[in-house]
Amino acid sequence: MKDQTPLYEKIRPKNLDEVLSNKILINIIKKWVENSTLKSFVISGKPGSGKTTIIRALLNQIENDYEIYSISGAIEGSKTLKKIINIEENLFSKQKILFVDEIHRLNRSEQDTLLLALEKGDIILMGATTENPAISLNPALLSRLLLFKVQNLSDDDYEKIFQKIKECYPNSIISNEVKNLLKDYFGDDIRRLINLLEAIFESGEKEINKEIISNFISTNLTYNIEDKYNYISAYIKSIRGSDPDAALLYLSYMLENGEDPMYIARRIVVHASEDIGLADPNALNIAVSAMIATEHIGYPECYLALSEATIYLCSTSKSNSVLNAYNKAKEFMINNKFEIPKKLLNPLNKTMKSQGFGKGYKYPHDYGGFYKYNYMPDKYKDKIFYEPLNKGLEKKIKIKLQNFWKDIKKYNEE
């Protein structure tokens, strides 16, 4: 029977010396191995970028010195984790290493299961994730781990991969033009690149050209990282300029050429606050709803939610006052020294109370919901960062603020 092992597994590095790129991280891990001082860590990066490859290369190298367990965060749960952690040790037991692929898929309670074992040194934890660990992992677990991010491959690294593929398919021919197209198209997802070439060679093709690749890929092979940023720029500028037709054209081009729908959805959410803001607060609700729908529905049906949000954002009032307000506050904060008024600080004990903390604070709900009161640092009480525009709902917001802060804050009349 023919060996069914996927090509990417066949050419996967077997030890740390064979790992491409990531030289700084590899050198750190090598030092740990040499000194028998392995640490718990998580590697993050895009799918197919080599996270698992690095950890597996390490585990191959140390398998005789440690008790190694590997699980998938997408499949196994707390029952499996507890079983591994609670394996009884004896005189001949080795230090346990637990590798959790897709560690972000463990829920909060499952992550908590690892805490005590890490604290006591019962396990060394290694994880791989496509998510930002600072968001997807519990703070308590995060504080016990070192975080690394996988590095992009260089042109030389890609050439070494193509050479390994050539060794598996000696009669194959891949031109430099095709190599460049593949690098631009797949970016950091090395596994997809390898899978595509394997599928082509296994179909009987030997010399690969652009036409052959197109037969295996339903999207535009020439859509690359430069196109990504050019089209998203044109798309956002079209929404900002209130042209739904242009925005839909660029949206459809990106989606049909393989762009990640969640990338577009996230940009829509940013745009809703940056360029529409309080002129129409509902724009943010619609943008977030489109992002949630895109996450749960996926391609291709997500085009409906993204199109609806695009058209709404194009057709509503525009205001960049939220962006400007934050930037003004940030600049002021950087260039000025100030203190929070004592009346806004809670007295945590009798000493603080005797020093005036919290004294004179007026609870707005005792005065009908508003009390004209200075919340800014005392010498900056008339400072204004947020200047509402006379657009959409902001007209009403401006009138309210003018009435609230009459004789204290001077808002523009434009």
Side-chain angles (χ1 to χ4, degrees), residues 5-33 38-63 66 68-76 80-81 84 96-107 110-111 114 118 123-138 141-142 144-154 156-158 160-161 164-165 182-183 185-198 225 260 262-263:
T5 305
L7 179 59
Y8 68 82
E9 285 292 348
K10 291 179 182 177
I11 67 175
R12 191 193 290 272
K14 303 299 186 293
N15 56 60
L16 293 171
D17 288 328
E18 294 181 6
V19 174
L20 301 175
S21 190
N22 300 285
K23 297 305 179 187
I24 295 176
L25 172 56
I26 298 303
N27 287 335
I28 291 171
I29 296 175
K30 280 183 178 180
K31 287 292 184 184
W32 289 344
V33 173
L38 280 176
K39 305 297 181 184
S40 294
F41 65 90
V42 169
I43 301 180
S44 64
K46 297 176 182 177
S49 59
K51 308 175 297 297
T52 302
T53 293
I54 294 172
I55 296 176
R56 285 192 181 176
L58 165 61
L59 298 181
N60 288 341
Q61 205 161 313
I62 61 174
E63 60 184 354
Y66 294 85
I68 296 171
Y69 301 89
S70 297
I71 69 170
S72 169
I75 301 173
E76 284 96 351
T80 304
L81 293 174
I84 294 171
K96 281 184 283 193
I97 290 179
L98 173 60
F99 168 42
V100 183
D101 201 6
E102 297 188 81
I103 193 171
H104 62 276
R105 299 289 290 274
L106 296 180
N107 62 36
E110 289 165 349
Q111 291 182 32
L114 299 169
L118 276 174
I123 64 168
I124 296 172
L125 178 64
M126 299 177 187
T129 175
T130 55
E131 304 290 328
N132 181 350
I135 297 173
S136 60
L137 299 184
N138 287 356
L141 180 60
L142 201 61
R144 292 163 173 82
L145 299 170
L146 294 167
L147 303 182
F148 299 106
K149 188 171 183 179
V150 72
Q151 300 299 305
N152 297 336
L153 297 182
S154 66
D156 287 342
D157 293 327
Y158 273 106
K160 290 175 183 175
I161 291 173
K164 285 188 176 184
I165 296 172
L182 291 171
K183 286 189 290 185
Y185 182 81
F186 288 108
D188 301 323
D189 196 339
I190 311 304
R191 185 168 51 233
R192 283 185 65 205
L193 185 154
I194 295 171
N195 283 341
L196 172 67
L197 292 178
E198 180 184 24
I225 195 71
D260 177 7
M262 283 301 294
Y263 170 72

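Of the possible polar contacts, none joining the N195 side chain to the R192 backbone as a donor-acceptor pair under 3.5 Å is found. Not one N or O on the side chain of E198 forms a donor-acceptor pair closer than 3.5 Å with the backbone of P6. Looking only at distances, a side-chain donor or acceptor of N15 sits under 3.5 Å from a matching main-chain atom of E18. Q111 places a side-chain N or O within 3.5 Å of a backbone atom of S136 that can act as its donor or acceptor partner. Side chain of K149 to main chain of L147: no donor-acceptor pair is present (N/O by atom type, distance under 3.5 Å, no hydrogens or angles). No donor-acceptor pair under 3.5 Å is formed between the side chain of N138 and the backbone N or O of L141. Although no hydrogens or angles enter the test, the distance criterion places no donor-acceptor pair under 3.5 Å between the side chain of S21 and the main chain of L153. No donor-acceptor pair closer than 3.5 Å links the side chain of E102 to the backbone N or O of G73.
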Self-check item: Step-by-step salt bridge (charged side-chain N to carboxylate O under 4.0 Å, His left out) determination, R105 to E76
Solution: CA-CA 10 Å; R105 299 289 290 274; E76 284 96 351; over 6 Å; no
Quiz item: Going through the distances and angles, do Y66 and L38 end up as a side chain to side chain contact (heavy atoms under 4.5 Å, CB included)?
Solution: CA-CA 11 Å; Y66 294 85; L38 280 176; 3.7 Å; yes
Quiz prompt | Worked verdict on Y69 versus K96 for side chain to side chain contact (heavy atoms under 4.5 Å, CB included) | solution = CA-CA 8 Å; Y69 301 89; K96 281 184 283 193; 3.8 Å; yes
Exercise. Test side chain to side chain contact (heavy atoms under 4.5 Å, CB included) on I71 and I84 and set out the steps.
Key: CA-CA 10 Å; I71 69 170; I84 294 171; 3.8 Å; yes
Practice problem: Would you please test L114 and L106 for side chain to side chain contact (heavy atoms under 4.5 Å, CB included) and show each step? | Solution: CA-CA 10 Å; L114 299 169; L106 296 180; 4.1 Å; yes
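To the nearest 0.5 Å, atoms CG (N152) and NZ (K46) are separated by 7.0 Å. Atoms NZ and CG, on K164 and L20 in that order, are 6.0 Å from each other to the nearest 0.5 Å. Residue N22 holds its CG atom at 11.0 Å from CG of L16, rounded to the nearest 0.5 Å. Annotation: the span from I54 atom CD1 to R12 atom CZ amounts to 11.0 Å, rounded to 0.5 Å. In this structure, I124 CD1 and L145 CG are separated by 12.0 Å, a value rounded to the nearest 0.5 Å. Remark: I161 CD1 to L193 CG distance equals 7.5 Å, nearest 0.5 Å.
A 4.5 Å side-chain heavy-atom check between L98 and I68 finds every atom pair outside the cut-off. Between I62 and I97, some side-chain heavy-atom pair lies under the 4.5 Å cut-off. At a threshold of 4.5 Å between non-hydrogen side-chain atoms, the residues I43 and M126 do not count as touching. For the pair L25/V150, no side-chain contact is recorded, criterion being any heavy-atom separation below 4.5 Å from C-beta on. The shortest distance between side-chain heavy atoms of F99 and L125 does not fall below 4.5 Å. Using a 4.5 Å cut-off on side-chain heavy atoms (C-beta onward), Y158 and D156 make no contact. Using a 4.5 Å heavy-atom cutoff, the side chains of K51 and S49 are in contact. Side-chain contact between I55 and F41: present, with at least one pair of heavy atoms (C-beta onward) separated by less than 4.5 Å.
D260 meets the side chain to side chain contact (heavy atoms under 4.5 Å, CB included) test with M262, Y263, R266; sequence neighbours excluded. Taking the side chain to side chain donor-acceptor pair (under 3.5 Å) definition, one finds that S44 meets it with nothing, sequence neighbours left out.
Ion pairing between a basic and an acidic side chain is recognised when a charged N comes within 4.0 Å of a carboxylate O; E9 and R56 show such pairing.
The shortest heavy-atom contact between T53 and P13 is CG2-CD, 3.3 Å. Shortest non-hydrogen contact noted between I28 and F148 is CD1-CE2, 4.3 Å. When all heavy atoms are compared, the tightest approach of T52 to A128 is OG1-CB, 4.1 Å.
With no hydrogens or angles considered, no side-chain donor-acceptor pair links D101 and S72 at under 3.5 Å. Donor-acceptor pairing under 3.5 Å is recorded for the side chains of T129 and H104.
No more than 12 heavy atoms of other residues, nucleotides or ligands shown are found within 6.0 angstrom of CD1 on I24. Counting non-hydrogen atoms of other residues, nucleotides and ligands closer than 6.0 Å to NZ of K23 gives a total above 12.
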